[in-house]
There are 2 protein chains.
Amino acid sequence: MSLRRHIRLCNDYRPERFMPLWRGATRIGLVRRDNAEALRRFPDVFAVAPDGVRLVAAGDCAALTAAIDRVVERLLDVGRIAAWRNESFAVGACWGAPPIFKLDRGAVPFFGVRAYGVHLNGYRHQGDVLELWIGRRAPDKKVAPDKLDNLVAGGIGNGHGLFETLVKEAQEEASLPADLIAEAVAAGALSYRMETSQGVRDDVLFLYDLEVPLAFTPRNTDGEIVAFEPMSATAVVERVRRSDDFKFNVNLVIIDFALRHGLVTPDDPEYLDLVLGLHRPLD
Amino acid sequence: MSLRRHIRLCNDYRPERFMPLWRGATRIGLVRRDNAEALRRFPDVFAVAPDGVRLVAAGDCAALTAAIDRVVERLLDVGRIAAWRNESFAVGACWGAPPIFKLDRGAVPFFGVRAYGVHLNGYRHQGDVLELWIGRRAPDKKVAPDKLDNLVAGGIGNGHGLFETLVKEAQEEASLPADLIAEAVAAGALSYRMETSQGVRDDVLFLYDLEVPLAFTPRNTDGEIVAFEPMSATAVVERVRRSDDFKFNVNLVIIDFALRHGLVTPDDPEYLDLVLGLHRPLD
């Protein structure tokens, strides 16, 4: 078993199956070819050509959002999209750009728009042992039920900023108080592009590390995590290497942590593939 | 001024100006088209075709090294290569693979073979201030004279391993004793591909962090660094942002350090370009 296989799994993407989604001269998504065919029914919103799909509806962000929501409703009816998630993700030209429209999280893979998340590695020093706080996801989670997870993680949506999302999720998921989460240290980002049953995840995760006091025990309040446990970071990395116990993208967050903290070293024949593979260039 | 410009400078590469250098089915280098023409004089060693150069000489690593050294000698005579560096770099299919031949460091850009280096960020906590030890390169250095540098840096050559190189350079460049350098923490790697007057640098740098005791003052013994100074890490990052005082690739090492330690945060509009741009995929 290897660490690199997790990067391969999260980058299982066949470009020939997808077409660009354009707004003007800006590519804003990736639509699977069979999904593009399903968009031909909405010519007032999307123009489907052999080489791409164009968002042609007129109007401002609110008008486009409403028009696309109506399309999503009908794609739900025909089973192309599984469910509303009732969480809106901003779709823009790039991170930080003003939103062109907002899209329900449930429709994000169908349109292959880039989604942004934030993950927090909560660690502590128990004597000489570096430990990571690991959560177990609830069995009723839509994505990756029962899998192991970071101390805090969440998608950046509903108009919240990045750090605001981190503070909110830290409170809801782990009861981390605001003054503690304020100590979190930005530690980079990772990217991957991964086909799913409904389309493609084109994800960027912002990464934070937080040293959690020994006296603090995380407690979930939103029902998304059933239990937290501190585990030795070395054991966590070995478990990532040898199992699929962690949520698919959490493996990547832990590999990144391991690389930054010397838990995986250049002696590992996969080292360069790991360091470079976690950072898929955006296009 | 921006941080990203340093990444752009280190990735100033026009692929159309270069041809692959092949050994069998393995690409081992990148030869500029005008340099490839100069290799036509050595048909017993290189076969030059419109779409690439092939290393056709027969023999084992020692025989190939000798044959290529003879070519290098004649390229020196005609000014295509500036000087012997008297340091041999292993050329292989990838990091860790057995060497196909060894090449003098001075000829590395001509053949565009991948070179590997190691850089160490030496840091300390002076009260609440995170400081980095910064060296100034000697005025007679062939590359980047007078520029600012990391505490320790060096190319991986002469048959030394990665950590062995780090220990050796730490001793020569900064008088860091072996028991202190043993505490260095592997923290990742970065990659770039940059045209030079003689060809192209296709470099991978392995990165280490080391917390240096307050009582320790580095002292150079090999004449490559004229002075060391501890500087606040925040000031170092701002100096990288606003000046070209640092050696071209040291800027990248410091940007990487800044990203890992929260000195540059996602508020920076360049953040994702920095995180992803430091990690050029190997091809």
Side-chain angles (χ1 to χ4, degrees), chain A residues 7 11 93-97 114 116-118 120-121 130 156 161-166 182-192 203-211 255-283, chain B residues 7 11 94-97 114 116-118 120-121 130 156 161-166 182-193 203-211 255-283:
Chain A
I7 296 176
N11 286 281
C94 63
W95 172 247
R114 185 159 292 140
Y116 301 90
V118 55
L120 176 83
N121 300 292
L130 177 65
I156 300 171
L162 166 53
F163 203 76
E164 191 184 354
T165 301
L166 181 60
E183 304 289 319
V185 176
L190 60 84
S191 53
Y192 56 89
D203 288 356
V204 170
L205 305 184
F206 294 96
L207 308 175
Y208 285 78
D209 287 352
L210 175 66
E211 181 159 9
I255 293 168
D256 182 88
F257 181 88
L259 290 167
R260 288 185 289 106
H261 293 269
L263 303 172
V264 175
T265 63
D267 305 330
D268 191 310
E270 297 182 336
Y271 193 75
L272 288 179
D273 290 325
L274 298 175
V275 177
L276 305 177
L278 287 174
H279 301 97
R280 190 187 179 287
L282 302 185
D283 56 18
Chain B
I7 296 175
N11 287 280
C94 63
W95 172 247
R114 184 159 291 139
Y116 299 90
V118 56
L120 176 84
N121 299 291
L130 177 65
I156 299 171
L162 165 54
F163 203 77
E164 191 184 355
T165 301
L166 181 60
E183 303 289 318
V185 177
L190 60 82
S191 54
Y192 57 89
R193 184 176 287 174
D203 287 357
V204 169
L205 304 184
F206 293 96
L207 308 175
Y208 284 77
D209 288 353
L210 174 65
E211 182 160 9
I255 292 168
D256 182 88
F257 182 87
L259 290 166
R260 290 185 288 105
H261 292 270
L263 303 171
V264 175
T265 63
D267 304 331
D268 191 311
E270 296 182 336
Y271 193 76
L272 289 179
D273 289 326
L274 298 175
V275 177
L276 306 178
L278 288 174
H279 301 96
R280 188 186 181 289
L282 303 185
D283 57 18

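Just so we're on the same page: letters track the sequence lines, and every chain starts at 1.
- Options A/Asp267, A/Asp273, A/Leu272 differ in how many heavy-atom pairs under 4.5 Å they form with chain B, and the most are formed by A/Leu272.
- Proximity to chain A (any heavy atom under 4.5 Å) is restricted, for B/Tyr116, to the side chain, taken from C-beta onward.
- Within the 4.5 angstrom heavy-atom criterion, no atom of B/Leu263 approaches chain A.
- In this structure, the portions of A/Pro266 lying under 4.5 Å from any heavy atom of chain B include both its backbone and its side chain.
- With chain A as the partner, the residue from B/Leu259, B/Thr265, B/Val204 showing the most heavy-atom pairs under 4.5 Å is B/Leu259.
- Note that CG of A/Leu207 is 5.0 Å distant from CG of A/Asp256, once rounded to the nearest 0.5 Å.
- The structure places CZ of A/Phe206 at 10.5 Å from OG1 of A/Thr165, a figure rounded to the nearest 0.5 Å.
- A parallel orientation is assigned to the rings of A/His279 and B/His279, their planes being inclined by less than 30° (bins at 30° and 60°).
- Contacts of B/Phe163 with chain A are absent, with no heavy-atom separation under 4.5 Å from either backbone or side chain.
- To the nearest 0.5 Å, atom CG of residue A/Asn121 and atom CG of residue A/Leu210 are 9.5 Å apart.
- In terms of non-hydrogen atom pairs under 4.5 Å with chain A, the most contact-rich of B/Leu274, B/Leu190, B/Val264, B/Val275 is B/Val275.
- You'll find the side chain of A/Tyr271 stays beyond 4.5 Å of the side chain of B/Leu162, heavy atoms only.
- In this model, a donor atom of one side chain and an acceptor atom of the other lie less than 3.5 Å apart for A/Tyr192 and A/Asp203.
- For chain B, no part of A/Leu278 is nearby; none of its heavy atoms comes within less than 4.5 Å.
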